[in-house]
2 protein chains.
Amino acid sequence: MELKPIAERFILHWGEMGSRWGVNRTVAQIHALLYLAGRPMDAEEIALTLGVARSNVSNSLKELQSWRLARVVHLMGDRRDHFETSTDIWELFKLIVEGRRQREIDPTISVLRDCLGNPAIGDEDTGTEQRIKETLEFIEVLTTWSEEMLRLQPETLMKAMGVGAKISRAVRRKD
Amino acid sequence: MELKPIAERFILHWGEMGSRWGVNRTVAQIHALLYLAGRPMDAEEIALTLGVARSNVSNSLKELQSWRLARVVHLMGDRRDHFETSTDIWELFKLIVEGRRQREIDPTISVLRDCLGNPAIGDEDTGTEQRIKETLEFIEVLTTWSEEMLRLQPETLMKAMGVGAKISRAVRRKD
DNA sequence: CATTAATTTCTGTTTTTACAGAAACAACCG
DNA sequence: CGGTTGTTTCTGTAAAAACAGAAATTAATG
């Protein structure tokens with residue numbers, strides 16, 4: 001229940017990082033707590049452990065569930081909802097990337113496509129159209145590729161990154 | 001001076017995206033403006049174009065400069081500072097990744113190393129140490145690899161991503 | 001060196017976001 | 001079906017961030 005010092009440090013830092021990346025601090029803290037705990041916790045216990053209001057926990061858990069970063073589980077003989085997260089860091093990373101893509105990248109792609117499809121694009125300054133086009137292409141390449149990568153097994157991905165690094169080194173010699 | 005509709009849409013959306021990723025809206029807007037304009041602009045012009053206070057522009061430009069996303073240039077016969085950004089989207093991406101690494105990833109790595117080096121780690125719950133260790137390793141692998149990737153020329157990187165995707169497809173058959 | 005132009009820093013306000021606590025709601029149990 | 005436990009929603013407050021405008025500072029010019 002009471003946090004041990006190192007877990008506390010980890011959780012506080014994670015909350016801080018969340019803030020910097022546009023994630024509510026409490027949301028990030030709860031996720032870090034569940035991750036470190038590695039076991040299901042009920043909302044009350046989470047609230048007490050982190051020293052935040054019960055309602056705050058409720059809303060934050062809903063947010064985490066919308067990212068599929070937390071799920072409800074039930075313990076035998078206990079009426080309360082318990083919440084857990086994956087302890088597989090690769091899986092967590094994938095969920096976060098996927099969530100961000102859906103929420104932010106996809107809408108951005110729509111906007112850029114819309115801009116380029118709009119006849120009024122002709123009225124813009126020279127170069128503007130070109131740069132919007134390049135931006136769209138860039139985002140599309142990056143997302144396609146990251147989707148491919150994230151579909152891999154972690155071990156394979158590791159290997160692929162090794163290959164990537166090797167290509168990198170090989171090419172740099174010629175750079 | 002007056003924004004044309006599509007540029008305006010792009011800039012507003014970019015500002016919105018900035019907010020969601022922990023970047024001040026005005027900062028993101030100014031960057032988008034300089035990017036689309038593709039020419040140096042002075043602070044006054046930026047303020048008028050975006051309809052924000054001159055002081056806001058000044059601070060935001062300082063922020064952009066700290067990311068190396070904007071630089072001062074001088075125009076012949078004009079006392080005022082003018083600001084420009086790269087129109088190379090790959091270069092911009094690199095600068096942003098690099099900035100985030102320095103500001104957020106590196107400190108996180110320090111914290112995690114610190115946690116693992118602390119003798120008190122023994123007092124933590126079973127599994128906690130393991131997960132912190134995995135988290136650190138994960139971040140280290142990812143940053144090392146991304147550094148390698150970003151060192152490549154864009155064209156090479158494109159090629160490498162093609163290879164990555166190919167590996168991905170090849171392996172998936174066996175998955 | 002006084003004047004003007006340009007920029008930055010400071011201060012207070014506004015806006016936004018996060019949050020606590022209360023109230024409402026729902027599920028369950030004897 | 002009344003009491004109990006658990007959860008969500010609502011409402012107001014507090015904290016944080018963004019921002020405008022004024023004041024101060026710095027640099028350039030005649």
Side-chain angles (χ1 to χ4, degrees), chain A residues 1 11-34 40-67 70-84 103-104, chain B residues 1 11-34 40-67 70-84 103-104:
Chain A
M1 198 81 128
I11 290 165
L12 289 176
H13 182 80
W14 218 251
E16 192 53 40
M17 285 305 101
S19 304
R20 299 221 190 187
W21 291 83
V23 177
N24 178 290
R25 205 182 64 221
T26 308
V27 171
Q29 284 182 357
I30 291 176
H31 186 243
L33 172 61
L34 292 176
M41 296 178 75
D42 65 76
E44 181 73 17
E45 188 184 2
I46 295 172
L48 285 169
T49 307
L50 296 180
V52 298
R54 181 67 189 70
S55 58
N56 195 0
V57 172
S58 174
N59 290 325
S60 299
L61 282 170
K62 229 168 46 174
E63 175 76 6
L64 282 173
Q65 284 173 286
S66 83
W67 285 78
R71 59 179 162 273
V72 179
V73 294
H74 285 104
L75 270 56
M76 195 56 74
D78 193 332
R79 284 172 53 185
R80 293 169 299 184
D81 287 354
H82 286 65
F83 300 87
E84 65 172 12
R103 284 153 220 248
E104 285 139 12
Chain B
M1 197 80 128
I11 290 165
L12 288 176
H13 182 81
W14 218 250
E16 191 54 39
M17 285 303 101
S19 304
R20 299 223 190 185
W21 291 83
V23 176
N24 178 291
R25 204 182 63 221
T26 308
V27 171
Q29 283 182 357
I30 291 176
H31 186 243
L33 173 61
L34 291 176
M41 296 178 76
D42 66 77
E44 180 73 16
E45 187 184 3
I46 295 171
L48 285 170
T49 307
L50 296 179
V52 297
R54 183 65 189 70
S55 57
N56 194 1
V57 171
S58 175
N59 291 325
S60 298
L61 282 169
K62 228 169 48 175
E63 175 76 6
L64 282 172
Q65 283 172 286
S66 82
W67 286 79
R71 59 178 164 275
V72 179
V73 294
H74 284 106
L75 270 57
M76 193 56 76
D78 193 332
R79 284 171 55 182
R80 293 168 299 182
D81 287 354
H82 287 65
F83 300 86
E84 66 173 9
R103 283 153 220 247
E104 285 138 12

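Here is how names work: the chains are called A, B, and so on, in the same order as the sequence lines, proteins then strands, and each is numbered from 1.
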When rounded to whole Å, the CZ to C1' distance for the pair B:Arg20 and C:dT17 reads 14 Å
Need to verify one output field. Residue with the more 5' nearest nucleotide on DNA chain C, A:Val23 or B:Asp42? B:Asp42
Could you measure the distance from the CD atom of B:Gln29 to the CG atom of B:Asn56? Nearest 0.5 Å is fine. 9.0 Å
For A:Gln29 and C:dA18, give me the distance from atom CD to atom P, rounded to whole Å. 13 Å
Please state how far atom CG in A:Leu50 lies from atom C1' in C:dA18, giving the value in whole angstrom units. 15 Å
Residue closer to the 5' end of DNA chain D, B:Val27 versus A:Arg80 (nearest nucleotide): A:Arg80
Within the pair B:Arg25 and D:dA17, is there a side-chain N or O less than 4.0 Å away from OP1 or OP2? no
Starting at the 5' end of nucleotides 25-30 of chain D, put B wherever the base has a protein heavy atom under 4.0 Å, S where only the sugar-phosphate does, and a dash everywhere else. --BSS-
Verdict with reasoning, A:Asn24 to A:Glu63, per side-chain contact (heavy atoms from CB on, under 4.5 Å): CA-CA 9 Å; A:Asn24 178 290; A:Glu63 175 76 6; over 6 Å; no
What integer distance in Å separates B:Glu44:CD from C:dA5:C1'? 11 Å
Going through the checks in order, is the side-chain contact (heavy atoms from CB on, under 4.5 Å) test met by A:Asp42 and A:Phe83? CA-CA 6 Å; A:Asp42 65 76; A:Phe83 300 87; 5.8 Å; no
Rounded to whole Å, how long is the line connecting atom CG of A:Asp81 with atom P of C:dA27? 12 Å
Could you walk me through whether A:Val72 and A:His82 pass the side-chain contact (heavy atoms from CB on, under 4.5 Å) check? CA-CA 6 Å; A:Val72 179; A:His82 286 65; over 6 Å; no
B:Ser66 versus B:Arg103, closest heavy-atom pair with distance: O-NH2, 2.9 Å
Write down the atom of A:His74, the atom of A:Arg80, and the distance for their closest heavy-atom approach. CD2-O, 3.6 Å
Just to be sure I understand the rule, does B:Gly51 reach a base, reach only the sugar-phosphate, or reach nothing, if contact means heavy atoms closer than 4.0 Å? sugar-phosphate
Which of these passes side-chain contact (heavy atoms from CB on, under 4.5 Å) with A:Leu34: A:Met41, A:Glu84, A:Arg71? A:Met41
Interatomic distance, B:Met41 CE vs C:dT7 C1' [rounded to whole Å]: 17 Å
Take B:His31 and B:Val23, measure what side-chain contact (heavy atoms from CB on, under 4.5 Å) needs, and give me the verdict at the end. CA-CA 11 Å; B:His31 186 243; B:Val23 176; over 6 Å; no
Looking at A:Gly15, is its backbone amide N or carbonyl O close enough to the side chain of A:Ser19 to form a donor-acceptor pair, meaning the two atoms are under 3.5 Å apart? yes
What residues from residues 52-64 of chain B pass a heavy-atom cutoff of under 4.0 Å to DNA chain D? B:Val52, B:Ala53, B:Ser55, B:Asn56
